[in-house]
*Asks:* 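First the structure, then my questions, so here it is.
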Amino acid sequence: MTEQFADLQARFYLNFIAEDRWRFIVNGLGVTLRVTFFALIMGLFLGFLVAIIRSTHDKTGKLKFFNVLCNVYLTVIRGTPVVVQLLILFFVVFPGGTSQILVAIVAFGINSGAYQAEIFRSGIMAVDNGQFEAGRSLGFNYLKTMFYIVLPQAVKNILPALGNEFIVLMKETSISGFIALQDLTRAGDIIRSRTFDAFMPLLAVALIYLVLVVILSSLIKLLERRLRSSDH
Amino acid sequence: MTTSRDVLIKVENLHKVFNGKLHALNGVSEEIYKGEVVVVVGPSGSGKSTFLRSLNLLEVPTSGRVVFKGVDILDKKNNIDAHRQHMGMVFQHFNLFPHMTILENITLAPMKLLKKSKDDAYDKAMKLLRLVGLEEKANNYPVQLSGGQKQRIAIIRSLAMDPEVMLFDEPTSALDPEMVGEVLELMRRLAHEGMTMVVVTHEMGFAKEVATRVIFMDEGEIKEQNTPEAFFAHPKEPRLQEFLSKIL
């Protein structure tokens with residue numbers, strides 16, 4: 001028993017303490033968090049914009065041209081693997097060697113935006129049309145009706161789906177290593193390649209992702225509860 | 001000088017075709033005068049709701065003219081949103097905003113559209129809430145109210161904009177029978193205070209008692225109209241006679 005414990009201790013030292021290898025993990029975590037955060041913001045912005053255009057088209061028949069653009073965007077992004085999108089952006093669109101982290105943010109932002117757009121749109125379309133008519137009949141124009149009346153209800157309804165997409169996005173950034181970006185996953189892999197021990201670094205990485213996701217989902221739950229104050 | 005015969009809303013030859021085949025309105029021309037209480041009745045599918053919803057362009061007519069206070073509101077040059085601020089509308093399903101308190105429901109439009117201060121909007125809202133005896137519900141959410149309470153709130157939400165005309169689209173049809181009275185009572189009071197009202201309803205008692213004019217619609221046309229006394233006592237059209245015999 002003590003023998004096994006001593007062995008684990010030694011492996012822990014080898015993987016994380018020796019040569020300050022824990023720095024890989026900490027720096028990788030920083031990269032993962034930054035990519036996730038900015039991609040999320042970009043995805044929210046893109047998704048929101050696309051959803052407004054698409055649902056305006058659905059409701060009023062206006063914005064035909066932009067609606068076609070949005071449809072192309074959704075089809076291409078949802079129809080191809082995100083790894084391929086990341087590689088294309090890095091090697092084809094920015095072949096000059098732009099900062100990898102920037103490429104990753106843009107790639108994941110564009111990708112997540114497509115999924116968030118459909119989540120937002122489903123939320124908008126699910127709000128009863130009577131709400132829309134009530135807003136318009138009071139004298140609100142289309143956009144104000146959207147912002148004051150429809151969207152607050154839509155956001156409340158889609159929060160679980162949106163939270164799910166945030167979690168997916170965070171875990172998807174683990175493919176950043178494909179463009180040699182040293183994110184959390186890549187950090188664990190680098191340690192593995194140096195110590196020839198797969199167990200410790202990869203399990204540590206998995207554990208950190210798990211903790212991040214748990215924190216993220218409890219934040220979303222908290223927000224859901226606050227928005228639900230009008231339900232009872 | 002305004003007289004009691006001032007035309008507030010005038011529609012000319014309204015046609016509405018849904019999906020290229022369903023003719024909901026077949027050339028309706030009508031004038032709504034200031035201070036009138038016009039009750040529109042008719043069988044379902046007669047176009048009465050479409051007619052009402054055309055008055056504030058929630059339903060855009062396929063052809064025809066809608067003139068509100070002398071302005072053609074179908075003309076794209078005229079801002080329909082500004083005109084709608086003067087036309088209150090009450091829906092069958094209330095359409096209160098569920099994510100806002102009662103007070104927020106009432107003060108939203110006056111604050112955002114009329115640029116009233118929070119205090120002014122609040123005072124007016126509380127005055128209206130006292131009028132309908134619901135001031136203790138100010139900070140509740142719509143889900144905590146009964147149907148009749150919701151509809152009374154919906155009515156005063158429109159009144160908070162100081163409209164010149166109120167449009168009612170079957171305001172009591174979604175209510176439990178015991179709640180119909182409280183809503184009709186509020187509408188009756190509005191009528192006595194001189195509010196111009198156009199009401200689509202199945203409440204013949206309300207039509208008899210409160211209406212200044214009753215309109216019968218069928219097949220997308222106005223088939224007959226009269227004072228309530230004559231309308232119910234001496235219907236001329238066979239379709240109206242049949243309609244009244246079924247519901248009275």
Side-chain angles (χ1 to χ4, degrees), chain A residues 48 51-52 55-64 119-120 122-163 220-232, chain B residues 49 52-53 55-60 73 79-102 104-115 139-145 150 153-155 157-163 165-169 174:
Chain A
F48 191 71
I52 292 281
S55 50
T56 299
H57 175 80
D58 289 355
K59 275 181 193 289
T60 66
K62 289 176 188 167
L63 303 176
K64 255 198 188 84
I119 294 173
F120 270 119
S122 73
I124 291 170
M125 297 312 275
V127 173
D128 180 43
N129 202 41
Q131 292 291 312
F132 196 78
E133 291 190 340
R136 295 306 303 270
S137 76
L138 282 168
F140 287 105
N141 63 25
Y142 180 88
L143 273 183
K144 282 182 178 165
T145 304
M146 270 290 172
F147 278 91
Y148 292 128
I149 295 155
V150 177
L151 285 175
Q153 297 180 56
V155 167
K156 194 172 97 176
N157 293 338
I158 62 170
L159 217 52
L162 212 52
I220 292 160
K221 268 206 196 93
L222 207 71
L223 193 60
E224 266 181 64
R225 249 206 312 272
R226 284 193 52 180
L227 287 180
R228 235 186 284 131
S229 63
S230 63
D231 285 355
H232 42 72
Chain B
S49 270
L52 187 81
R53 290 160 56 82
L55 298 182
N56 69 349
L57 301 192
L58 277 189
E59 219 70 78
V60 180
I73 54 175
N79 181 3
I80 179 61
D81 300 313
H83 291 290
R84 281 196 184 124
Q85 293 177 17
H86 305 290
M87 309 166 106
M89 184 154 199
V90 176
F91 301 86
Q92 182 177 356
H93 295 287
F94 332 128
N95 298 344
L96 293 182
F97 307 135
H99 59 301
M100 297 180 191
T101 64
I102 298 308
E104 288 165 344
N105 263 277
I106 302 170
T107 55
L108 179 74
M111 280 167 61
K112 302 292 181 195
L113 295 173
L114 304 180
K115 306 292 175 202
N139 294 310
N140 288 31
Y141 284 95
V143 69
Q144 297 159 313
L145 271 59
K150 281 184 201 167
I153 297 296
I155 292 173
R157 178 175 71 180
S158 287
L159 291 178
M161 292 294 284
D162 289 319
V165 55
M166 288 282 287
L167 312 175
F168 294 85
D169 191 1

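What's counted below: heavy atoms across the whole structure, side chains too, no hydrogens, waters or symmetry copies. Every chain is numbered from 1, with letters handed out A, B, ... down the list of sequences.
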*Asks:* Is a side-chain N or O of A/Gln131 found less than 3.5 angstrom from the main chain of B/Leu96, in a donor-acceptor match?
*Replies:* yes
*Asks:* Which atoms of B/Arg157 are under 4.5 Å from chain A, going by heavy atoms: the side chain, the backbone, both sets, or neither?
*Replies:* both
*Asks:* Can you see which heavy atom on B/Pro98 is nearest to which on A/Gln153, and at what distance?
*Replies:* CG-OE1, 3.2 Å
*Asks:* Between B/Met161 and chain A, with a heavy-atom cut-off of 4.5 Å, which part of the residue counts as in contact: side chain, backbone, both or neither?
*Replies:* side chain
*Asks:* What is the distance from atom CZ of A/Phe147 to atom NZ of B/Lys112, rounded to the nearest 0.5 Å?
*Replies:* 13.0 Å
*Asks:* Among A/Arg136, A/Lys144, A/Lys156, which residue has the highest count of heavy-atom pairs closer than 4.5 Å to chain B?
*Replies:* A/Arg136
*Asks:* Compare all side-chain heavy atoms of A/Leu138 with those of B/Leu108 and state whether any distance is below 4.5 angstrom.
*Replies:* no
*Asks:* So which part of B/His93 gets closer than 4.5 Å to some heavy atom of chain A, the side chain, the backbone, both or neither?
*Replies:* neither
*Asks:* Please report the shortest heavy-atom distance between B/Phe97 and A/Ala134, naming the atom on each side.
*Replies:* CE2-CB, 3.8 Å
*Asks:* With sequence neighbours left out, what residues match B/Phe91 under ring pair (Phe, Tyr, Trp, His ring centres under 6.0 Å)?
*Replies:* none
*Asks:* For chain A, which candidate among B/Thr101, B/Val90, B/Leu58 shows the most heavy-atom pairs at distances under 4.5 Å?
*Replies:* B/Leu58
*Asks:* Look up atom OG in A/Ser137 and atom CG in B/Leu57, then write down how far apart they are to the nearest 0.5 Å.
*Replies:* 12.0 Å
*Asks:* Of all of A/Ile149, A/Asn141, A/Asp128, which one pairs up most often with chain B through heavy atoms under 4.5 Å apart?
*Replies:* A/Ile149
